[in-house]
Amino acid sequence: MRVVLLGAPGAGKGTQGERLVKKYSFPHISTGEIFRAAIKEGTPLGKQAKEYMDKGALVPDSLVVGIVSERLQQPDCQEGFLLDGFPRTVGQAEALDEVLSGKGTPLNAVISVDADQGELLERLTGRRVCKTCGATYHIRFNQPQVRNVCDKCGGELYQRADDTVETVKQRLDVYCRQTEPLITYYQKKNLLFSVDGSKEIAAVFAEIISKLEGEKPA
Ligand code: AP5
Ligand code: MG
Ligand code: ZN
């Protein structure tokens with residue numbers, strides 16, 4: 001299955017992605033994670049991406065598209081994949097269509113996780129992420145068993161550099177202007193499934209599964 005997770009910052013793409021890859025055993029490709037790993041390693045890509053990410057702006061399409069295209073050529077993507085946070089512009093979506101149609105493997109579904117705008121700020125400023133395995137938590141909505149320690153690997157939790165109030169506001173604005181048009185883009189292609197991301201994590205997951213396993217786009 002070839003799936004895209006679409007949604008505003010904090011909508012729950014990473015959280016649902018973690019659960020989906022466990023169920024379907026396909027690779028979870030998050031462009032945000034790819035950039036954060038590059039920043040941690042201090043690579044040239046990381047240095048370039050950091051300039052944009054710190055401001056809450058999008059990394060230019062010219063940088064992102066090549067990375068994803070290459071990633072999709074890897075053997076583990078041949079049976080399917082989950083894209084999280086890509087595409088985020090119409091230009092990226094068109095480039096993805098081109099790559100996939102060239103391989104004869106078009107997308108099966110785009111899941112739009114619709115969240116309540118008012119809650120996103122609280123979700124993002126309260127988010128904590130594992131330094132070691134990347135698992136996502138929240139200080140109120142999804143607490144680890146031991147404060148600041150990852151349930152899965154025992155790693156230390158940290159707060160993302162772009163999860164400050166100021167940067168979150170910028171990211172939400174960028175989402176509305178540059179990414180939201182993709183909802184119509186995929187509706188027209190009859191690929192869009194909308195789910196209510198304001199429900200509890202488990203309920204959102206159940207809705208995604210039911211949409212993926214048989215219902216018609218809505
Ligand atoms: P990226 O890392 O993709 O960030 P984002 O899109 O802003 O989304 P987030 O990861 O912040 O949110 P999420 O939807 O994954 O929410 P999560 O599940 O963690 O991108 C970062 C930056 O990289 C971008 O700003 C850009 O600069 C650059 N970039 C990346 N991709 C790019 C691209 N394609 N093109 C250009 N630039 C790109 O959940 C959030 C919190 O809420 C967590 O604490 C979680 O526990 C909690 N939570 C989740 N679901 C629920 C729920 N149902 N109820 C209550 N709490 C919940
Ligand atoms: Mg994420
Ligand atoms: Zn961990």
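Keep in mind that the numbers below use all heavy atoms, side chains included, and drop hydrogens, waters and symmetry copies. Atoms within each ligand, like the ligands themselves, are counted from 1 in listed order.
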Got an N/O contact under 3.5 Å between [X] and ligand 1?
X    : result
T31  : yes
V204 : no
V59  : yes
R36  : yes
P9   : no
G12  : yes
R88  : yes
D84  : no

Taking only non-hydrogen atoms of [X], do any sit less than 4.0 angstrom from ligand 1?
X    : value
G126 : no
G17  : no
K199 : yes
R160 : yes
E18  : no
A11  : yes
G7   : no

Salt bridge [X]-[Y], side-chain N to carboxylate O under 4.0 Å:
X    : Y    : answer
E51  : K47  : no
E18  : K152 : yes
D173 : K169 : no
D162 : K55  : no

Exercise. If you measure from CD1 on I67 to CZ on F86, what distance do you get to the nearest 0.5 Å?
Worked result: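 Separation between the atoms: 9.5 Å.
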Exceeds 12 heavy-atom contacts within 6.0 angstrom, atom [atom1] of [X]:
X    : atom1 : answer
E166 : CD    : no
K50  : NZ    : no
Q159 : CD    : yes
Y52  : OH    : no

Ligand 1-proximal atoms of [X], by part, heavy-atom distance under 4.0 Å:
X    : result
P60  : neither
N142 : side chain
L124 : side chain
A57  : backbone
T15  : both

Could you check which of [options] puts a non-hydrogen atom nearest to [atom]?
atom                    : options               : answer
atom 5 (P) of ligand 1  : E51, Q178, K13        : K13
atom 28 (C) of ligand 1 : R123, R171, R140, M53 : M53
atom 35 (N) of ligand 1 : E200, Q92, E33        : Q92

Problem set entry | Degrees at the Zn ion (ligand 3) between the SG atom of C130 and the SG atom of C153, nearest 10° |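 About 100° at the Zn ion (ligand 3).
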Which ligand 1 atoms are under 4.0 Å away from a heavy-atom of [X]?
X    : value
Y137 : 43 (C), 44 (O), 46 (O)
G32  : 1 (P), 2 (O), 20 (O), 30 (C), 31 (N)
F141 : 55 (C), 56 (N)
G14  : 13 (P), 15 (O), 18 (O)
A8   : 14 (O)

Problem set entry | Top protein contact for atom 9 (P) of ligand 1, by heavy-atom distance |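 Result for atom 9 (P) of ligand 1: R127 NH1, 3.3 Å.
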Exercise. Does the side chain to side chain donor-acceptor pair (under 3.5 Å) test come out yes or no for D163 and T125, once each step is laid out?
Worked result: CA-CA 5 Å; D163 278 348; T125 51; over 6 Å; no
Check: [Y] and [X] side chains under 4.5 Å, non-hydrogen atoms:
X    : Y    : value
D84  : I29  : no
C130 : Y158 : no
V110 : V3   : no
C150 : T132 : no

For this session: Check the pair Y185, L192 against side-chain contact (heavy atoms from CB on, under 4.5 Å), reporting the backbone distance first and the verdict last.
Result: CA-CA 9 Å; Y185 180 91; L192 194 84; over 6 Å; no
For this session: For the residue pair F141 and H138, categorise the inter-ring angle as parallel (less than 30°), tilted (30 to 60°) or perpendicular (more than 60°).
Result: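 Ring orientation of F141 relative to H138: parallel.
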